[in-house]
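These notes are about the structure you will find just below.
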Amino acid sequence: MNIESENMKPDSPGILLVNPWIYDFAAFDFWARPYGLLQIASMLRNAGFNVYYQDCLDRFHPNAKKTSSKKDGRGAYLKTTIEKPPGLEDIDRRYSRYGIMQEWFMEDVAAIPKPDLILVTSLMTYWYPGVFFTIEMLRQAFPGVRIVLGGIYSALSHEHAVKNSKADLVTGERSMAGILNLVSKLTQFDAECSIDETNLDTYPLPALDLQRNIPFVPLLTSRGCPFSCSYCASNVLEPAMLRRSPGSIVAEIESWQKKYNVTDFAFYDDALLIGHENHAVPMLEKIVEKGIKARFHTPNALHIREINDTTARLMKLAGFKTIRLGLETSSFSGSDRLDRKVTRDDFSQAVTSLKKAGFETKDIGAYLLACLPGQSFEELFESITIVKETGITPVPAYYSPVPKTGLWDDAVRASKYDINADPIFTNNAVFPCADEKFSWEALNNIRDKV
């Protein structure tokens, strides 16, 4: 096991929370942690439950011969080659189970008391085979214990999960209070919720202490996004836009540094800089004023129109290291297919401000959506070329169709797979909606040429 809660209460129910294996053609720990699951762990612990945690992706498992980790906290998962899913046998890439060995998992869970309830989370819809395998292993380890499946896959592909996961209950519940009420009902334990759903400052910090190692800390300063981009499910999963106070964020950063000497922090926000005058700017000013020494990363991308000389300067002073811009495409055609939020002038101004603030070329990358329904090979080539001409790095983000989004129907029509029938075919590694010109070889050639 990883780590169990301190101060176990003999009369309280035991809850096992599990972060499942990933099944995919490729996976890498780009500052990835199950934030929601670890926040639920904190909430349950505060409510009086005994909490246990098992991370199938643990890169720091003691049985691992060596841990692959960069100084900023990222690293490679252990992987085991397995058979490809039905329908994807012709893909000329290895398919793997990413995470700890199966026998390590069974040894770990055998070392904890039999729980009263098991909560399993899920992320990408096409990662569900790893979730199913996790549930299968838990059935063997704890026969008769009810298993609840939650997370993004269970919310976006609910019917598929209900039909195929073999969990006792599949929930699309997203609110913290709703989850606590569900767990209380299933365990017949009277737990009170101290969370105000409209005030993120009342939410507990994620229980990162349940991990074996804390190489970095994920930060979530807001929930939701004011935009409704046709390829994104943010508004489906988080309909309301809520923000924490700048003071609470800075206090959290100081707390992690004091307790665990953490240097690297990754922002998980979908809209970190939106309304920056009242949110990001005062937060950054407090970080600078307090002299906090840290490296900050933005893997979820920043909104380009919010980057100006002021925000860029403050990000540099605060210690931002990895800047990712949400460009989507640089065709700047005026098409509303992607609900575009940026013009060519916006993009150029943002890059200029970042460079003026002192960010180096290697620090700045622009995400470009690739293999969209109806997207031509030439359009992607043009986008990559334009980004390179600004002196920053193009970062292709290969499109994975997401149920319940505005682009879903177009994806269904464009795909050579039946993505409606099985989420496995939405895997971006198989280019589900791309025309025949797209291939890994062709895309590598583009990168080499540009």
Got a sec, which residues hit ring pair (Phe, Tyr, Trp, His ring centres under 6.0 Å) with H276, two or more places apart in sequence or on another chain?
-> none

Which class fits the ring pair W31 and H297: parallel under 30°, tilted 30 to 60°, perpendicular over 60°?
-> parallel

Pairing residues for W127 by the ring pair (Phe, Tyr, Trp, His ring centres under 6.0 Å) criterion, not counting sequence neighbours = none

From L119 atom CG to L182 atom CG, the distance as rounded to the nearest 0.5 Å = 8.0 Å

Who pairs with Y128 by ring pair (Phe, Tyr, Trp, His ring centres under 6.0 Å), at least two apart in sequence or on another chain?
-> F132, Y153, H160

Would you confirm whether S348, through its side chain, and R344, through its main-chain N or O, come within 3.5 Å as a donor-acceptor pair?
-> yes

Atom of T390, atom of V387 and distance for their closest heavy-atom approach = OG1-O, 2.6 Å

Sequence neighbours excluded, which residues qualify as ring pair (Phe, Tyr, Trp, His ring centres under 6.0 Å) partners of Y417?
-> F425

With K321 via salt bridge (Lys or Arg N to Asp or Glu O under 4.0 Å) - residues at least two apart | D363

Taking the side chain from Q375 and the backbone from A434, do they hold a donor-acceptor pair closer than 3.5 Å?
-> no

Is there any salt bridge (Lys or Arg N to Asp or Glu O under 4.0 Å) pair reaching into residues 173-193, and which pairs are they, with sequence neighbours excluded?
-> none

Scan residues 237-257 for pairs that pass salt bridge (Lys or Arg N to Asp or Glu O under 4.0 Å), counting only residues two or more places apart or in two chains.
-> R223-E238, R244-E252, E254-K290

Residues forming a salt bridge (Lys or Arg N to Asp or Glu O under 4.0 Å) with D422, sequence neighbours excluded | none

Test side-chain contact (heavy atoms from CB on, under 4.5 Å) applied to T221 - qualifying residues, sequence neighbours left out | I249, F267, D269, L272, H279, M283

Residues at least two apart in sequence or cross-chain that pass side-chain contact (heavy atoms from CB on, under 4.5 Å) with T81, listed by chain then number, are R94, S96

Return the set of residues passing side-chain contact (heavy atoms from CB on, under 4.5 Å) with A301 (not counting sequence neighbours), or none when no residue passes.
-> Y367

Please find out if less than 6.0 Å separates the ring center of Y231 from that of Y399.
-> no

Residues pairing under salt bridge (Lys or Arg N to Asp or Glu O under 4.0 Å) where one sits in residues 125-137, two or more places apart or in two chains, turn out to be none

